[in-house]
Amino acid sequence: MVTGLTPNHTCAEVIAQTLHEAGVRFAFGHPGGEVLELIDALERSGIRFVLTGHESTAAFMAAAVGRLTGTPGVCLATLGPGACNLVLGVGTAYLDRDPVLAISARTSTERHHRSNKQNLPLVDLFTPISRWSVDLEGADVEETVKTALSVAAGPPRGPVYLALPSDVAGKPATGPKSAASTDSAASQDSAVGQGTAHPPHQTPADESDLPRILSTLNGAERPVAVVGIAMESARDAPAVRRFLRDTGLPYATTVQAKGIADELGDGFLGTIAPAAGEDRIIEWLQRSDCVLGIGFDPVEVSRFWHFDAPLQIVANAPVGFGTYAPPAACVGDVSALLGRIAEGYHGRCEWTADDIGYLKARVDAVYHPPSDEGPDGMSPYHLVGVLREALPEDAVVSSDVGAHKNVMGQRWRAPEPGTFLMSNGLSSMGYGVGAAMGAAMALPDRPVAAVTGDGAFAMMVQELETVRRTGIAPLIVVLYDASLAVIKIAQQARKLPVAGVDFAPVDWVKVAEGFGVAAEAVSTLDETRDAVARWVRRREARVLVARVDERLYTGLKY
């Protein structure tokens, strides 16, 4: 293992050792000749390089590792097409607020201004979807990597992109550039793009609106809380639960914040942004005279209710965007801010237990189908219920994007932070399998499952080889209806002809077995319950193809 950095260490060795010292233990990616020195340095430093079938999977895996551990996950690609393939995953991490360090090769310093073959302005390409995007040209590499890790870990959390020229990785690292050389390099780089020269500054704490928030909350008769992701979920969850219990405020959560608040608590209303039946909850929010946004981040919201809501937000970073700014907001330590609000709270809440029960019944009625099975398979609503009952309480479950996402978002109960993974800021199809793979690598002793539609699974099926090769053991539940059901629902709602949303039948069991992964098909709830129970008893990588009837998706909107 490389230890004790010296002036003779290469840039690749400095990067690898700095990452290892920060707690990084995996780097996911797909190599090219331009990153071989870095991969070698990572392996010698004790960081396992995990080959994936596609770079987007590498980024999804890194995002899951970052979300679950708090240490930025690392993904790696070669220059040109490899770097471009990272864009989906990096953009996902950017809008899902996941800490990621994305590294790709760049054309050599000799070729960079002389040949445009495979030469894209990568730093500029990643600038709009990164917290920071920068070239690593050999100067002050250790400090740059440390800064990149700090920026990625936030707040707000998000990806940082580093471009490594192919001829720099194997050269000795040097100290900081002089101001003159920096200006000269910036001038030269303008021909191909220079990205963001300096890392963003962390927004300082701002508690100036706290008296206003407390006054509004104390004067409210129908207050409601909405819990979001703009906080340190594992650290702040106890304070959030204590605050909601002590104040008695009814509360909803956004889907990525599931598990932070007690979803079995008497005041829990359900999930929004988006989730089946959320319209009923939003009606409550619109009737409220004070919506306390505890870490609420509108990055998850596709509708505009929050523009008119009396939102009072406490978060660990500013959450305004574009023309949206909350009426009042405090930025800082969410646990401490909630403690101060609780100390000064003397209001009363007119919502009753009957009101809450009636709302929850209305939400359920929106997407509860008339039967648990249809001619073509199971009801997704009932299937999700069986999966929640059959999987261990501590299971980490990822949900992909599709019609089932809305059902999972509302129906799945997350007992604690870090047990439910979903892409919601960007809502990337294919995320579910990659996220489950990353979780299985980061938490090898925990049961991990992915719930995905067959459309998203088809995008990522090559990763079954990665699953087999790495020895991880996720359960991948494929909801099979040979359709992009949520798009078909939108077509039908708009009275458009159904087109471009149906697949030819695929025997996914044979496909999985062709990759060397055990698989079986289930068509009833009892078969599903038994299959999951067998996986729990003997955890090994397994694909469970669950036949669902798309007509039993009820109450969904697009």
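The basis for the numbers below is simple: all heavy atoms, side chains too, and nothing from hydrogens, waters or symmetry mates. Everything numeric in this text was worked out from a predicted model, so none of it was measured. Residue indices begin at 1 and follow the sequence shown.
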Between Phe28 and Phe26, how do the two ring planes meet: parallel, tilted or perpendicular, split at 30° and 60°? parallel
Would a distance-only check, ignoring hydrogens and angles, find a side-chain to backbone donor-acceptor pair under 3.5 Å from Thr69 to Thr71? yes
Quick test of your reading of the model: are Glu137 and Arg106 salt-bridged, counting only N-O distances below 4.0 Å? yes
So do Leu244 and Asp262 actually touch side chain to side chain, heavy atoms under 4.5 Å? no
Arg446/Thr419 under side chain to side chain contact (heavy atoms under 4.5 Å, CB included): CA gap, chis, key distance, verdict: CA-CA 10 Å; Arg446 295 275 292 275; Thr419 58; 3.8 Å; yes
Applying ring pair (Phe, Tyr, Trp, His ring centres under 6.0 Å) as the test, list every pair that has at least one member in residues 254-277; sequence neighbours left out. Tyr251-Phe268
Would you say that Asn424 contacts Pro274 through its side chain, given a criterion of any heavy-atom pair below 4.5 Å between the two side chains? yes
Residue pair Met231 / Ile260, side-chain heavy-atom distance below 4.5 Å: yes
CG/Leu269 to CZ/Arg362 distance, rounded to the nearest 0.5 angstrom? 12.5 Å
Residues in side-chain contact (heavy atoms from CB on, under 4.5 Å) contact with Glu350, at least two apart in sequence or another chain: Glu221, Arg348
Side-chain contact test, heavy atoms from C-beta onward, threshold under 4.5 Å: evaluate it for Val397 versus Met408 and give yes or no. yes
Could you list the residues that satisfy salt bridge (charged side-chain N to carboxylate O under 4.0 Å, His left out) with Asp206, not counting sequence neighbours? none
Are any of the side-chain heavy atoms of Gln410 and Ile281 separated by less than 4.5 Å? yes
Taking atom OG1 of Thr52 and atom CE of Met437, what is their separation to the nearest 0.5 Å? 7.0 Å
Sort out for me which residue in Phe296, Trp284, Tyr324 forms a ring-ring contact (aromatic ring centres under 6.0 Å, His included) with Trp305. Phe296
What class does the angle between the rings of Tyr431 and Phe60 fall in, given that below 30° is parallel, 30 to 60° is tilted and above 60° is perpendicular? perpendicular
Do Asp266 and Ile356 make a side-chain contact, defined as non-hydrogen atoms from C-beta onward lying under 4.5 Å apart? no
All heavy atoms of Ala439 vs all of Ala64, minimum pair found to be N-CB, 4.2 Å
Start with the C-alpha gap between Tyr345 and Asp246, add the side-chain angles, then the distance that decides, and say whether side chain to side chain contact (heavy atoms under 4.5 Å, CB included) holds. CA-CA 10 Å; Tyr345 179 63; Asp246 293 348; over 6 Å; no
What residue among Phe126, Trp132, Tyr94 forms ring-ring contact (aromatic ring centres under 6.0 Å, His included) with Tyr161? Phe126
Worked verdict on Leu19 versus Ser45 for side chain to side chain contact (heavy atoms under 4.5 Å, CB included): CA-CA 9 Å; Leu19 293 177; Ser45 292; over 6 Å; no
Under the side-chain contact (heavy atoms from CB on, under 4.5 Å) rule, collect the residues that match up with Val401, sequence neighbours excluded. Lys405, Ser427, Met429
Closest heavy-atom pair and its distance - Ala435, Leu421: O-CD1, 4.1 Å
Please lay out, stage by stage, how Glu207 and Leu337 fare under the test side chain to side chain contact (heavy atoms under 4.5 Å, CB included). CA-CA 8 Å; Glu207 301 182 4; Leu337 289 168; 3.8 Å; yes
Do you know which two heavy atoms are closest between Val24 and Pro72, and how far apart they sit? CG2-O, 3.9 Å
Rounded at 0.5 Å granularity, tell me how far SG in Cys330 sits from CD1 in Ile213. 4.0 Å
Separation between CD1 of Ile294 and CD of Gln312, rounded to the nearest 0.5 Å: 12.5 Å
Would you say the side chain of Leu391 lies within less than 4.5 Å of the side chain of Trp412, judging by non-hydrogen atoms? yes
So does Arg413 pair up with Glu393, basic N to acidic O under 4.0 Å? yes
Closer than 3.5 angstrom, by distance alone: can the side chain of Asp400 be matched with the main-chain N or O of Gly432 as a donor-acceptor pair? yes
Side chain Asp98, main chain Arg67, donor-acceptor under 3.5 Å: no
For residues 226-247, which residue pairs qualify under ring pair (Phe, Tyr, Trp, His ring centres under 6.0 Å), counting only residues two or more places apart or in two chains? none
Heavy-atom pair with the smallest gap, counting every atom of Pro380 and Val407: O-CG1, 4.1 Å
Residues that Pro156 engages under side-chain contact (heavy atoms from CB on, under 4.5 Å), provided they are two or more places apart: Arg131, Ala317
So CD1 of Ile47 and NE2 of His20: to nearest 0.5 Å the spacing works out to 6.0 Å
Would you sort out whether Glu283 and Arg287 count as a salt bridge (charged side-chain N to carboxylate O under 4.0 Å, His left out), showing the intermediate values? CA-CA 6 Å; Glu283 290 172 7; Arg287 291 168 56 197; over 6 Å; no
Supply the atom-to-atom distance Arg235 CZ to Asp333 CG, rounded to the nearest 0.5 angstrom. 4.0 Å
Hydrogens and angles aside, do Thr92 and Ser428 bring a side-chain donor and acceptor to less than 3.5 Å of each other? yes
Answer yes or no: is there a side-chain heavy-atom contact under 4.5 Å between Val331 and Val319? no
Any side-chain donor paired with an acceptor under 3.5 Å for Asp236 and Ser335? yes
Any side-chain to backbone donor/acceptor pair from Arg303 onto Asp279? Under 3.5 Å, distance only. no
Smallest separation among heavy atoms of Leu86 and Glu55, with atom names: CD2-O, 3.6 Å
Will you find, in the side chains of Ser215 and Asn218, an N or O donor that is under 3.5 Å from an N or O acceptor? no
Is a donor on one side and an acceptor on the other found under 3.5 Å between the side chain of Glu142 and the backbone of Val14? no
Might you point out which heavy atoms bring Ser288 and Pro223 nearest each other, and give the distance in Å? OG-CA, 3.8 Å
